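What you are looking at is a predicted structure, and each value in this text was computed from that prediction instead of being measured.
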Amino acid sequence: MGLLDKLRLVPDKPGVYLMRDAHGAVIYVGKASVLKNRLRTYFGSLKHQGPKVQTMMNHVKDFEYIVTDNEVEALILEFNLIKKYRPKYNIMFRDDKSYPYLKITLNEKWPRVMITRRMGRDGARYFGPYTSVGALNETVRLLRRLFPLRTCKQGSFNRRDRPCLNSHINRCIAPCTGNVEEEEYREMVNEVILFMEGKHEDIIDRLEKRMDRASRELRFEQAAEIRDQIRAIDAVLEEQKVVTNDGEDQDVIALAQDDGEVCVQIFFVRKGKLIGRDHFFLEGALDISKETVMGEFLKHYYGRAAEIPKTVLLSHESQDREVISQWLSDKRGNKVSIHVPKRGRKRDLVKMVAKNASMKLGEHVEEQRRKLKTTEEAILELKEMLDLKGLPVRIECYDISNISGTGTVGAMVVFEKGVPKTSDYRRFRIRTIEGPDDYGAMREILMRRFKKIGAGEEEVKNNGFARIPDLIIVDGGKGQLNVAYEAVENLDLGHIPIFSLAEKNEEVYKIGKSTPIILPRDSQALYLLQRIRDEAHR
């Protein structure tokens, strides 16, 4: 059935559609309140569409759709399918596969605070996601200083019969040895949750009551510890800025966009105080309106967010705002308001967040330019120092690893234009070699990598092997180099430049040259080779 014939069968109902290329890969996922109308805009005249849509439609060879009962269901399904397929033409968080969360293990008898990459339905309480692991680590260190909960894993906790070092330095109240009642411990856990929710005044009120109770019961040492805890929290409060007088919980979101680069800044306001902020970079936003970008961000962020406030303030109007508001209200359990303030204190707050987004984007663009310049220098230096005929745009590096001669595997990493291309990485399980034979293993993985390259087989095209590298690097010395060269020479690919990098003295060996090439220790070319080699090691 042709696409136009198939289009006539699309119903006038809400749902999700998936665009597929010639290989059947999903390259775009979208939702629509009326599927037939939305799909017609793609398969009609494209002259009013942006360059991105026109480029995408040149690759669309098929589509499918899933009907839903309403737009909210379509929005949820769209988000889940984008997470599953990561389509090429959708707007995506940059490096969003594993943003970390702070987890409080309420599902355990003696809860602890930890960092995790997965948010599950396990009875624990989550906060996040966070873009900066460093900032999250700082938060965890602060929490452990203010609230001395246990940090040990469940297995070691169950086996412990005496307090660990953390207890002796007052970083744990040692529930493992019965030093604290479960009720008192749970009270501290609740205070951690209040702290993460920004309800610091509530914590201080609870702590003051506990301090007074300890004093009345003549437990003066414990009362002094609680007093110090209150002072530490007061010090944190002094650093927080009061941004609203209404005491409302809000997320304030603003975006800055420049030549396809998008930075979204989000400020977390709880009880009227700014308790934190974060920023995200989006990919695939070239020629996309701010309204569409804002809508996509809201879906991506709150689809994985552990906490949804009562109010969300935006710098720009959002596509599907009413549908997203209804979706968030269902997730939160009560009304969530999303709007763009036009005047007053809230508008000033949004402007402040927008200014921060613009500054962060400027820093990012400048950093990208600096990295690009450094990378270009490295590639040019590498061409000159290794006497290559052309620029080494695509570099492949190979390494072998085993455990005492067993479980031998080979790694292939790919750098293009000086940056990792992780989609082309491969790991080879060695099939033909028994025992610790690194030479034989190197020969096998190179034969498997290159043996079909001349045939142009469909399998090669689809698995990323179609590209011939401009430079091959093998980890090791002359022995590894000779084996690698023999393998590619037997496949009539001896014209590909191939070198080895010996780790001990960072010596570069070339076929036919008895002495190694010593790259300057401060050269960008050497730094690039080291990064590639270390990535293969990893």
Practice problem: Could you please spell out the steps behind the salt bridge (charged side-chain N to carboxylate O under 4.0 Å, His left out) verdict for Glu191 and Lys199? | Solution: CA-CA 9 Å; Glu191 288 162 3; Lys199 300 174 181 176; over 6 Å; no
Quiz item: Are a donor atom and an acceptor atom from the side chains of Tyr301 and Asp251 found within less than 3.5 Å of each other?
Solution: no
Exercise. Report yes if some heavy atom in the side chain of Arg112 is under 4.5 Å from a heavy atom in the side chain of Leu149; otherwise report no.
Key: no
Exercise. Decide, yes or no, whether a salt bridge links Glu197 with Arg125 under the criterion of side-chain N to carboxylate O below 4.0 Å.
Key: yes
Self-check item: Derivation and outcome, side-chain contact (heavy atoms from CB on, under 4.5 Å), residues Asn137 and Arg141
Solution: CA-CA 6 Å; Asn137 284 327; Arg141 279 193 285 269; 4.0 Å; yes
Self-check item: Close side-chain approach of Glu296 and Val262, heavy atoms under 4.5 Å
Solution: no
Quiz item: Looking only at heavy atoms, what is the nearest atom pair of Lys383 and Pro392, with distance?
Solution: CB-CD, 4.1 Å
Quiz item: Are the side chain of Glu73 and the backbone N or O of Thr68 linked by a donor-acceptor pair below 3.5 Å?
Solution: no
Quiz item: Would one find more than 12 heavy atoms of other residues, nucleotides or ligands at under 6.0 Å from atom NZ of Lys310?
Solution: no
Quiz item: Are there more than 12 heavy atoms of other residues, nucleotides or ligands under 6.0 Å from atom NZ of Lys52?
Solution: yes
Exercise. Indicate yes or no: does Lys13 engage Asp69 in a salt bridge with an N to O separation below 4.0 Å.
Key: no
Self-check item: Cation over ring face, Arg150 and Phe157, 6.0 Å, 45°
Solution: yes
Practice problem: Supply the atom-to-atom distance Phe415 CZ to Thr422 OG1, rounded to the nearest 0.5 angstrom. | Solution: 10.0 Å
Quiz item: Quick one: do Glu317 and Arg321 make a salt bridge, cutoff under 4.0 Å?
Solution: yes
Practice problem: For the pair Asp424 and Arg394, evaluate salt bridge (charged side-chain N to carboxylate O under 4.0 Å, His left out) and give the outcome as yes or no after the intermediate values. | Solution: CA-CA 11 Å; Asp424 284 5; Arg394 180 182 173 97; 2.9 Å; yes
Self-check item: Student check: side-chain heavy atoms of Leu361 and Asp258 closer than 4.5 Å
Solution: yes
Self-check item: Carboxylate-amine/guanidinium contact Lys371 Glu366, below 4.0 Å
Solution: no
Quiz item: Are Leu255 and His316 side-chain neighbours, meaning at least one heavy-atom pair lies under 4.5 Å?
Solution: yes
Quiz item: By ring-ring contact (aromatic ring centres under 6.0 Å, His included), which residues pair with Phe268, not counting sequence neighbours?
Solution: none
Quiz prompt | Distance under 6.0 Å and angle within 45° of ring axis: Lys103 vs Phe127 | solution = no
Quiz item: Should the ring pair Phe63 and Phe43 be called parallel, tilted or perpendicular, given that the plane angle runs from 0 to 90° and is split at 30 and 60?
Solution: tilted
Quiz prompt | Steps toward side-chain contact (heavy atoms from CB on, under 4.5 Å) verdict (Val312, Leu314) | solution = CA-CA 7 Å; Val312 179; Leu314 306 179; 3.7 Å; yes
Quiz prompt | side chain to side chain donor-acceptor pair (under 3.5 Å) against Thr131, all qualifying residues, sequence neighbours excluded | solution = Asp278
Self-check item: Lys417, NZ: over 12 other non-hydrogen atoms inside 6.0 angstrom
Solution: no
Quiz prompt | Tyr42 versus Gln49, side-chain donor and acceptor atoms under 3.5 Å | solution = no
Practice problem: Show the numbers, then the answer: is there a side-chain contact (heavy atoms from CB on, under 4.5 Å) between Glu71 and Lys31? | Solution: CA-CA 8 Å; Glu71 283 191 78; Lys31 74 163 194 63; 3.7 Å; yes
Exercise. Measure the spacing between CZ of Phe267 and CD1 of Ile253 and express it to the nearest 0.5 Å.
Key: 12.0 Å
Quiz item: Considering residues at least two apart in sequence or located in another chain, which fulfil the side chain to side chain donor-acceptor pair (under 3.5 Å) criterion with Asp470?
Solution: none
Exercise. Rounded to the nearest 0.5 Å, what's the gap from OH on Tyr89 to OG1 on Thr55? Could you check?
Key: 6.0 Å
Quiz item: Counting only heavy atoms not in Met114, do more than 12 sit closer than 6.0 Å to its CE atom?
Solution: yes
Practice problem: Using a 4.5 Å cut-off on heavy atoms from C-beta on, say whether the side chain of His364 contacts that of His279. | Solution: no
Quiz item: Among Arg467, Arg449, Lys421, which one satisfies side-chain hydrogen bond (donor to acceptor under 3.5 Å, both in side chains) with Glu396?
Solution: Arg449
Quiz item: Side chains of Gln326 and Asp330: donor-acceptor distance under 3.5 Å anywhere?
Solution: yes
Quiz item: For Tyr527, what residues pass the ring-ring contact (aromatic ring centres under 6.0 Å, His included) criterion, not counting sequence neighbours?
Solution: none
Extract all donor-acceptor atom pairs below 3.5 Å that involve side chains of residues 346-355 and protein atoms in other chains or at least two apart in sequence.
none

Quiz item: Hey, what do you get for CD1 (Ile379) to OG1 (Thr374), rounding to the nearest 0.5 Å?
Solution: 11.0 Å
Quiz prompt | Pair Phe280 and Phe297, ring centroids less than 6.0 Å apart | solution = yes
Quiz item: Are Glu78 and Lys299 ion-paired here, with the side-chain N under 4.0 Å from a carboxylate O?
Solution: yes
Practice problem: Kindly state each residue pair satisfying salt bridge (charged side-chain N to carboxylate O under 4.0 Å, His left out) with at least one member in residues 20-29, sequence neighbours excluded. | Solution: Arg20-Glu64
Quiz item: Looking at side-chain heavy atoms only, is the closest gap between His300 and Val264 below 4.5 Å?
Solution: no
Quiz item: For the residue pair Tyr28 and Tyr17, does the interplanar ring angle fall in the parallel (under 30°), tilted (30 to 60°) or perpendicular (over 60°) class?
Solution: tilted
Exercise. Report yes or no: does Thr292 contribute a side-chain atom to a donor-acceptor pair with the main-chain N or O of Ile288 at less than 3.5 Å?
Key: no
Exercise. Look at the aromatic rings of Phe79 and Trp327 and report parallel, tilted or perpendicular, splitting at 30° and 60°.
Key: tilted
Self-check item: Within 6.0 Å of NZ in Lys88, more than 12 heavy atoms from elsewhere
Solution: no
Quiz item: So, Thr311 and Glu248: side-chain donor and acceptor under 3.5 Å apart, yes or no?
Solution: yes
Practice problem: Check whether any side-chain heavy atom of Leu471 sits under 4.5 Å from a side-chain heavy atom of Leu382, and report yes or no. | Solution: yes
Quiz prompt | Separation between CD of Glu535 and CD1 of Ile532, rounded to the nearest 0.5 Å | solution = 9.5 Å
Exercise. Report the C-alpha distance between Val340 and Ser315 in whole Å, list the side-chain angles of each, state the deciding distance to 0.1 Å, and finish with yes or no for side-chain contact (heavy atoms from CB on, under 4.5 Å).
Key: CA-CA 6 Å; Val340 180; Ser315 63; over 6 Å; no
Quiz item: Between atom CE of Met294 and atom CG of Leu282, what is the distance when rounded to the nearest 0.5 Å?
Solution: 10.0 Å
Quiz item: Is there side-chain contact between Ile395 and Pro469, with at least one heavy-atom pair below 4.5 Å?
Solution: no
Self-check item: Ion pair Glu363/Lys360, N-O distance below 4.0 Å
Solution: yes
